[in-house]
Trainee: 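Once you've had a glance at the structure underneath, I'll fire off some questions.
Quick note: residue numbers are just sequence positions, from 1.
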Amino acid sequence: MRPIQNEVMLITYADSMGRDLKELETALAKHFEGAVKGIHILPFFPSSGDRGFAVIEYDKVEPAFGDWSDIDRLAEKYTLAADFMLNHVSIRCREFKDYMEKGDASPYRNMFIHWNEFWPNGEPTEAENDAMYRRKPGGAFLEFTREDGKKVKLWNTFFSEQVDIDPYAKATQDYFGRNLTMLSRHVPLIRFDAFAYASKRPGTSCFFVEPDIWNVLDIAMQPLRSAGTQMLAEIHENYTIQLKMAAKGYWVYDFALPMLLLHGLYSGRTDRLIRWLHICPRNQFTTLDTHDGIGVVDVVDLLTDDEIDHVRAIVDKITEPAQQYIKRPSMIKMTGKQAQRYQLGCTYYNALDCNDDAYLLARAVQFFTPGIPQVYYVGMLAGKNDIEFLKNGGEGRGINRHNYSLQEVDEAAAQPVVQKLLRLMRFRNQYKVFDGRFTVGADQGNGTLEVTWEDGDLYARLTADFKTHAFQIVYFDPAENREQVLEL
């Protein structure tokens with residue numbers, strides 16, 4: 001198993017670059033040697049929905065994708081990351097089916113959060129309901145009828161194929177221990193998906209509730225600590241939460257960077273970005289795009305409301321041809337506020353109006369930002385919005401989830417912008433300076449940026465002009481004993 005290293009990691013579904021894990025391996029070997037050194041394979045287990053995130057069981061690989069030998073073979077060559085849903089399970093999993101069949105006699109009965117038992121009054125008061133952080137219209141529950149005829153309301157944060165679980169229940173902790181121990185035998189990094197929703201207390205937001213969230217994390221981390229496996233928490237919310245997690249030594253995401261770069265490239269300003277580069281965590285994974293879209297809530301207070309609205313308006317204009325096919329955009333309801341946009345559905349290449357110079361500059365800044373870079377497969381292939389998928393009735397987030405055949409991968413990889421991006425990725429992997437000393441040049445007020453990494457005699461410096469989208473990377477070449485310019 002290849003350990004975690006500060007090199008570029010691909011994010012992909014098992015069937016998004018070819019039909020399965022073997023074809024993914026073929027595509028990577030053919031086009032991306034040296035550019036991709038790690039892979040976060042989005043849920044590759046049997047699932048009943050949400051593109052894999054309603055996991056039925058973790059001890060199997062979805063047969064359509066392959067088997068554990070495919071995962072283990074990839075893990076020898078690439079640093080692998082896998083998902084674990086800390087907040088919920090599929091309603092098709094054996095534990096939930098057992099509860100539906102046996103009712104209160106099921107050993108898994110308390111694994112599920114009974115809505116009427118959770119609230120002191122049996123139902124949330126108006127104040128309790130308003131305080132909740134909600135991801136869907138209506139109540140955060142679903143009603144089920146057990147085989148004994150009893151109807152039960154169970155907590156449900158996301159989709160109808162999922163049901164939330166109680167991290168304090170013994171059955172849940174046994175579930176955590178069994179599955180996380182097994183996954184740790186195959187991958188060195190496990191992402192806790194929907195982690196912040198696992199802390200629920202009446203009268204609170206039921207989202208990253210302190211100190212409860214740290215107790216939940218301690219429970220879930222026990223099997224990982226025993227195995228020496230590391231954890232990456234998936235939290236889409238204000239950047240201050242990432243700072244809290246990072247301060248405790250955990251890996252976090254830089255979900256603020258995507259919007260900050262769009263703002264800088266749209267406005268020609270770099271002051272907001274420079275401020276973030278000074279304070280962002282160092283133990284982070286950087287992204288520009290993910291399977292969920294471009295996060296909005298992550299940059300509140302890093303950008304003003306007007307600046308966020310400006311970015312959102314431009315992306316909305318770009319995605320206007322797709323809007324008629326998106327039934328419900330990604331929304332949240334926060335305490336005392338109206339429901340608001342949570343993420344923007346768009347490929348990052350499209351968000352920059354398919355401007356190669358702007359896109360490559362964004363990637364260059366990502367690769368020079370502290371942390372381990374993750375590149376989503378659609379972004380690596382400079383993919384455009386998949387409007388045809390939406391026209392055919394696909395779910396809105398599918399705009400950024402096109403499945404590429406091997407032939408389509410061949411065609412996408414041949415694009416000049418992709419070839420230049422791959423050279424950037426290979427430089428980021430091969431030039432061993434990015435664990436050294438990081439400095440950011442002062443804001444000159446003219447839309448420029450200067451970022452430098454140094455380690456002994458080695459250095460690499462990125463200078464960029466966000467108004468013209470021109471940038472240059474210079475580095476010290478020890479073989480030639482002189483400064484070189486990276487040619488793309």
Trainee: Arg428 and Asn6: side-chain donor and acceptor closer than 3.5 Å?
Mentor: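 Distance-only check passes for Arg428 and Asn6.
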
Trainee: For Tyr253, which residues count as a ring pair (Phe, Tyr, Trp, His ring centres under 6.0 Å) partner, sequence neighbours excluded?
Mentor: Phe255

Trainee: Between Glu161 and Arg92, is there a salt bridge with N-O shorter than 4.0 Å?
Mentor: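 Judged by the 4.0 Å cut-off on N to carboxylate O distance, Arg92 and Glu161 do form a salt bridge.
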
Trainee: Tell me the closest heavy-atom pair linking Ala351 and Cys346, and the distance in Å.
Mentor: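 Of all heavy-atom pairs spanning Ala351 and Cys346, the closest is N-SG, 3.6 Å.
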
Trainee: Would you call Glu143 and Lys150 a salt bridge, taking side-chain N to carboxylate O under 4.0 Å as the test?
Mentor: no

Trainee: Name the one of Val216, Asp164, Val209, Asp166 that satisfies side chain to side chain contact (heavy atoms under 4.5 Å, CB included) with Lys200?
Mentor: Asp164

Trainee: What's the verdict on side chain to side chain contact (heavy atoms under 4.5 Å, CB included) for Val296 and Leu344, showing C-alpha distance, side-chain angles and the deciding distance?
Mentor: CA-CA 7 Å; Val296 176; Leu344 305 178; 3.6 Å; yes

Trainee: Got a salt bridge between Asp70 and Lys22, using NZ or NE/NH1/NH2 to carboxylate O under 4.0 Å?
Mentor: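 Salt bridge between Asp70 and Lys22, a charged N being under 4.0 Å from a carboxylate O: yes.
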
Trainee: For residues Tyr99 and Arg146, is any side-chain donor paired with an opposing acceptor at under 3.5 Å?
Mentor: yes

Trainee: May I ask you to decide whether Asp455 forms a salt bridge with Arg437, counting only side-chain N to carboxylate O separations under 4.0 Å?
Mentor: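 Salt bridge flag = no for Arg437 with Asp455.
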
Trainee: Of the options Asp50, Thr157, Asn156, Asn87, which is the one that meets Gln162 in a side-chain hydrogen bond (donor to acceptor under 3.5 Å, both in side chains)?
Mentor: Asp50

Trainee: For residues Phe368 and Ala460, report the shortest heavy-atom separation together with the two atoms involved.
Mentor: CE2-O, 3.6 Å

Trainee: Between the side chains of Glu128 and Arg201, is the shortest nitrogen-to-carboxylate-oxygen separation below 4.0 Å, so that they form an ion pair?
Mentor: no

Trainee: Is the positively charged end of Arg51 above the ring of Tyr13, judged by distance under 6.0 angstrom from the centroid and angle within 45° of the axis?
Mentor: yes

Trainee: Is any NZ, NE, NH1 or NH2 atom of the basic residue among Arg178 and Glu57 found under 4.0 Å from an Asp or Glu carboxylate oxygen of the other?
Mentor: no

